[in-house]
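Presented below is the structure to which this report refers.
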Amino acid sequence: MSLVFDSRNIGCQRRAGQGGFTLLELLVVLVILGFLASLVGPQVLKQIGGSKTKAATLQIEEFSTALDLYHLDGGRYPGTADGLKSLIEKPASARIWNGPYLKKKVIRDDPWGNPYHYASPGEHSDFDLFSLGRDGREGGEGEDADVLSWE
């Protein structure tokens, strides 16, 4: 058996039975993919927004638990001026401090990159701890809604 090389068959030639996609077929596929993305995309984005609210709720619960430990040790919650930083560093006003009260030695911002708001004594309980949500303003709905420690 020997192989024969024919220089006339070099180049871009289409053989019978082989074919590519036509421009119309490619456009149809792109339209279908765009339609699917328009249906699925908003649902995925809604889940991401909801997960940020859940993360803020969990962080507030973690801070609240640490504040309760601080209160058990010192008999009071840290003042508004001392803030959440009292959970990782001993404030000058504290007589008894057995901290740090958080595993991570950093007070992170809320999931939208804004600092948490803390006041002690609070208007709603011994302390008020909250995030103003995505928009950074009071009130709002959905992802813009406030995440509060007292609700």
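The structure displayed is predicted, hence computed values, not measured ones.
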Note to self: We want to know whether Ser149 and Asp128 form a side-chain donor-acceptor pair, criterion being a heavy-atom distance below 3.5 angstrom.
What the structure shows: no
Can you get from Leu129 to Leu72 by hopping between Ile, Leu, Val, Met, Phe, Trp and Tyr side chains that sit under 4.5 Å apart?
-> yes
Note: Trp112 and Ser131 closest approach over all heavy atoms is CZ3-OG, 3.7 Å
Does the side chain of Phe21 reach to within under 4.5 Å of the side chain of Leu27, using non-hydrogen atoms?
no
Are Ser93 and Asp82 packed together at the side-chain level, in the sense that at least one heavy-atom pair is separated by less than 4.5 angstrom? yes
- request: For the residue pair Val106 and Arg108, establish whether any side-chain heavy-atom pair is separated by less than 4.5 Å.
  value: yes
* **Parallel, tilted or perpendicular: rings of Tyr77 and His71 (30°, 60°)** => parallel
**Prompt:** If Ile, Leu, Val, Met, Phe, Trp and Tyr residues are connected whenever their side-chain heavy atoms lie under 4.5 Å apart, and connections chain through other members, are Leu148 and Leu67 in the same group?
**Reply:** no
* Indicate, with yes or no, if Leu84 and Leu132 share a hydrophobic cluster defined by side-chain heavy-atom contacts under 4.5 Å among Ile, Leu, Val, Met, Phe, Trp and Tyr. => no
Can you tell me if Lys90 has over 12 outside heavy atoms packed within less than 6.0 Å of its NZ? yes
Value for OG1 (Thr80) from NE2 (His117), rounded to nearest 0.5 Å, stands at 12.5 Å
So, Glu25 side chain and Thr22 main chain: donor-acceptor pair closer than 3.5 Å or not?
-> yes
Side chains of Glu123 and Trp150 only: does a donor on one sit below 3.5 Å from an acceptor on the other? no
Practice prompt. Output, in order, the C-alpha distance, side-chain angles, deciding distance and verdict of side chain to side chain contact (heavy atoms under 4.5 Å, CB included) for Phe35 and Val31.
Written response: CA-CA 6 Å; Phe35 178 70; Val31 166; 5.5 Å; no
Practice problem: With the side chain counted from C-beta on, respond yes when Asp110 and Val147 share a heavy-atom pair under 4.5 Å apart, and no when they do not. | Solution: no
Minimal heavy-atom distance between Tyr70 and Pro91, with the atoms involved, is OH-CG, 3.5 Å
Practice prompt. Decide if the gap between the ring center of Phe63 and the ring center of Tyr116 is smaller than 6.0 angstrom.
Written response: yes
_Using a 3.5 Å distance criterion without hydrogens, assess whether the side chain of Trp97 forms a donor-acceptor pair with backbone atoms of Ser86._
yes
Let me see the working for Ile88 and Leu102 under side chain to side chain contact (heavy atoms under 4.5 Å, CB included), right down to the final yes or no. CA-CA 6 Å; Ile88 56 174; Leu102 295 171; 4.2 Å; yes
If we ignore angles and hydrogens, is there a donor and acceptor under 3.5 Å between the side chains of Asp73 and Tyr101?
yes
In short, Asp146 meets Gly139 closest at the heavy-atom pair OD2-N, 2.9 Å
query = Does Ser120 reach the main-chain N or O of Phe127 with its side chain, forming a donor-acceptor pair under 3.5 Å?
reply = no
So CZ of Arg134 and OG1 of Thr53: to nearest 0.5 Å the spacing works out to 9.0 Å
When rounded to the nearest 0.5 Å, the distance separating CD of Gln59 from NZ of Lys54 is 15.0 Å
For Gly74 and Arg95 the tightest heavy-atom approach is O-NH2, 4.4 Å
